[in-house]
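What follows is a set of notes on a single structure, which appears directly below.
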Amino acid sequence: MSASASEPRPSTPSKKRSKWEEEDDEEPLFVPQPKRRAKSKPSKISDNFQPPAVQVADASSTISRPMHSRFVPPRTRHPPIQPSRSVYSYERLNQIEEGSYGVVFRARDKQTGDIVALKKLKLDEEKSGFPITALREVYALMSCRHENVVGIREVVVGDTLTQVFVVMDFIEHDLKSLLTVMPSPFLQSEIKTLMLQLLSAVNHCHENWILHRDLKTSNLLMNNRGTIKVADFGLARRFGDPVGVGGLTQLVVTLWYRAPEILLGATTYSTAIDLWSVGCIFAELLLKEPLFQAQGELELISMIFKLLGAPTKSSWPDYSSLPLAKTITLPSPQPHQFRQKFPYLTSAGLDLLMSFLTYDPECRITAAEALQHPFFTESPLPKHPDLFGSFPSAAAGEKRRKPFDSPTAPRGAHLQASDESNVNMFARQDIA
C-alpha cells in the first residue's frame, strides 16, 4: 500500500478551499507510483547508489547548462518590483473636485516639494475587487505618455485596502472652467494651437490602441504656459482589430459630446466617437459655450438633426441598420446650418468642423488627417503657447484680483489748495 493511502483523513469537514488549493490536493493523483518490489530487494542496494540521471559524469554538463533560454533577455533588464509608497509621503493642500470615479486633491511631495494631483479611487462600495475602471485608467495613462496627456507618477496607498491614490501631474485649470471665467473668448490663433495639441494627444492614444470615450472640455487641463493635457481616462479602454471584439459598453461619453451612432444604439464603435467629441470641443471653443446643450438623448438627436440636416442614404448608409433607427421619425430633408451657426469661421475652418461632425463614422476625419488640414496653415497662424495669457487657478485656491481703482486725491491737499486760492484772492484785493 502506498504512503498516501495509509495516512488517515480528518473526520471534520475542511473549510472552503480556493481553486488553487483544490488543484494542489489532486496533484498526488497524477504522480506515477513506483512498482511494488520484494522486501529483500532494497537491502541489496548499497548506500552509494545514485540514479542514472544524476551521475558524476553528467555533473559538469548539468552545472554548465544555462539557467535560462538564450532567447530570453537577461534578468538585469527587468526592473525590480518595488512596494507602493505611502500616501503620507504627500502633504494634502486642498480638494479640487469630486467625480464619479474618485476625489482629486492637490498635494505636495514632502521629499521633492513638487505639487501633484492625488486622485483617490472610490473603493468603499466595491464588492468585486479592484475596479476595472481604475485599472484601465492606470494602464491607459502608462501606455499613452505624451506631452499633451496628463502624466502619471505613481500609485500610493493608505492605511486600509480601500485607500488607493493615483499620483498625477498638477495642472492649474480645466478648459471648461476657464471658458466660463474668461472675459473674452480665445482668439482664432489660440484655438488653432489648442486644437493642434488636442489632436496630437488623441492621435497618440489611437496609435497606442486606446479609446478615451469621454473627451470634453472639463477633461482637458490647461496650465499657465498655454499647454493643454488630456485627463480623466476613467472610461478609456484598449481596442483591437477588428474593433469591438469582446463587446463594448454602449453607455459611454458625456451626453453633450456623444456621437450619433452611440445615441442610436450601435453595438460596435471605433475611434470615430472620439473625433465627434473633438468636433464638439472645437465648436465650444468658437462659441464659448457647449454646442449641444440637451437635457436628454432624444433632444440631443433632434438638435443634431437640426444642425446637420436629417441623415440620408448617401450621408449615412448604415443608418437604417442601427437598433434605434426605426423608433425615430426623421424630419423633412433640409440643408445643414453650419454657416448660420458659425458666421465668422473661415471656409477651411468650417470644412474641418463639418469633417468632425459627420454622420457616417467611416467618413469621419481621423486625428492624423485633421493634423494636416489646411485650416492650421492659413492666416492667422497658431499662436505659440508661451504667448498665452495666464489666469488665476481655481484648483490652487487662487482668487481673481479685483481691478485696480484710481486713488482719489488727498483730502488735505484739496483743502490746502482752496486756502491758497483764498489768500491769493485777498492779496489781489489789497493790491487793487
Presence of salt bridge, Arg258 and Glu297, under 4.0 angstrom:
yes
Is there a side-chain contact between Arg237 and Val252 (heavy atoms, below 4.5 Å)?
no
Tell me whether the rings of Tyr319 and Trp316 are parallel (<30°), tilted (30 to 60°) or perpendicular (>60°).
tilted
Flag side-chain contact, heavy atom, 4.5 Å: Thr358 against Ile365:
no
Determine yes or no for a side-chain-to-main-chain donor-acceptor pair under 3.5 angstrom, with Lys216 supplying the side chain and Ile281 the backbone.
no
Find out whether Leu291 and Lys341 are in side-chain contact, i.e. whether some heavy atom of one side chain is under 4.5 Å from a heavy atom of the other.
yes
Where is the tightest heavy-atom contact between Ala134 and Leu121, given as atom of each residue plus distance?
CB-CD1, 3.5 Å
Side chain to side chain contact (heavy atoms under 4.5 Å, CB included) between Phe388 and Arg225: does it pass, once the steps are laid out?
CA-CA 7 Å; Phe388 276 63; Arg225 295 168 297 282; over 6 Å; no
Working note: Ser89 + Asp109, criterion side chain to side chain donor-acceptor pair (under 3.5 Å); need CA distance, chi angles, decisive distance, verdict.
CA-CA 6 Å; Ser89 302; Asp109 192 333; over 6 Å; no
When you compare the side chains of His204 and Asn148, does any donor N or O come within less than 3.5 Å of an acceptor on the partner?
no
Under 3.5 Å: donor-acceptor pair, side chain of Glu261, backbone of Ala266
no
Taking C-beta and beyond as the side chain, do Leu215 and Tyr257 meet within less than 4.5 Å on heavy atoms?
no
So Val278 and Met195, do their side chains get closer than 4.5 Å, heavy atoms only?
yes
Does the pair Val202 and His212 meet the rule for a side chain to side chain contact (heavy atoms under 4.5 Å, CB included), with working shown?
CA-CA 8 Å; Val202 173; His212 189 280; over 6 Å; no
Give every residue pair that meets the ring pair (Phe, Tyr, Trp, His ring centres under 6.0 Å) criterion with at least one member in residues 174-203, sequence neighbours excluded.
none
Taking the side chain as C-beta and beyond, is there a heavy-atom pair between Asp351 and His373 under 4.5 Å?
yes
Just say parallel, tilted or perpendicular for the rings of Phe239 and His206, cut-offs at 30° and 60°.
perpendicular
Donor-acceptor under 3.5 Å (Thr227 side chain, Asn223 main chain)
no
Salt bridge (charged side-chain N to carboxylate O under 4.0 Å, His left out): pairs with one or both residues in residues 148-169, sequence neighbours excluded:
Arg85-Glu154, Asp114-Arg153, Arg153-Asp169
For the student: nearest non-hydrogen atoms of Ala140 and Ala236, plus distance
CB-CB, 4.2 Å
Should we count CD of Glu362 as having more than 12 external heavy atoms under 6.0 Å?
no
Any Trp256 side-chain heavy atom under 4.5 Å of Glu284 side chain:
no
Closest non-hydrogen contact found for Phe376 with Leu381 is O-CD2, 4.3 Å
So, Asp174 versus Thr217: side-chain donor-acceptor pair below 3.5 Å or not?
no
Examine distances only and state if a side-chain atom of Lys288 and a backbone atom of Leu179 form a donor-acceptor pair shorter than 3.5 Å.
yes
Taking side-chain contact (heavy atoms from CB on, under 4.5 Å) as the criterion, tell me which of Ile273, Thr271, Thr267 meets it with Tyr269.
Ile273
Run the ring-centre check on Phe282 versus Phe342 and record whether the distance is less than 6.0 Å.
no
Heavy atoms, side chains only, cut-off 4.5 Å: are Glu207 and His146 in contact?
no
Output yes when a side-chain donor or acceptor of His173 lies under 3.5 Å from a complementary backbone atom of Leu175, and no otherwise.
no
Just verifying a value: how many Å separate Ser355 OG and Phe375 CZ, rounded to the nearest 0.5 Å?
12.0 Å
Correct closest heavy-atom pair for Ala294 and Leu255 would be O-CD2, 3.9 Å
How far does NZ of Lys326 sit from CG of Leu324, to the nearest 0.5 angstrom?
11.5 Å
State the CG-OG distance between Leu194 and Ser189, to the nearest 0.5 angstrom.
9.5 Å
Would the number of heavy atoms belonging to other residues, nucleotides or ligands and lying under 6.0 Å from CG of Leu298 be above 12?
no
Side chain to side chain contact (heavy atoms under 4.5 Å, CB included) for Val230 and Leu220? Distances and angles first, verdict last.
CA-CA 5 Å; Val230 179; Leu220 300 182; 3.9 Å; yes
Rounded at 0.5 Å granularity, tell me how far CG in Leu330 sits from OG in Ser320.
10.5 Å
Could you give the distance from CZ (Phe305) to CD1 (Ile328), rounded to the nearest 0.5 Å?
5.5 Å
Is any NZ, NE, NH1 or NH2 atom of the basic residue among Glu91 and Lys110 found under 4.0 Å from an Asp or Glu carboxylate oxygen of the other?
no
State whether the side chain of Asp232 and the backbone N or O of Asn219 hold a donor-acceptor pair below 3.5 Å, judged by distance alone.
no
For Lys383, I'd like to know if atom NZ has over 12 heavy atoms of other residues, nucleotides or ligands within 6.0 Å.
yes
Are the side chain of Arg339 and the backbone of Leu345 linked by a donor-acceptor contact shorter than 3.5 Å?
yes
If we ignore hydrogens and angles and just use 3.5 Å, is the side chain of Asp386 paired with the main-chain N or O of Gly226 as donor and acceptor?
no
What heavy-atom pair brings Ile115 and Phe170 nearest, and what distance separates the two atoms?
O-CB, 3.6 Å
Hey, what do you get for CH2 (Trp276) to CD1 (Ile262), rounding to the nearest 0.5 Å?
11.0 Å
Nearest atoms (heavy-atom pairs only) where Arg145 meets Ile152
NH1-O, 3.3 Å
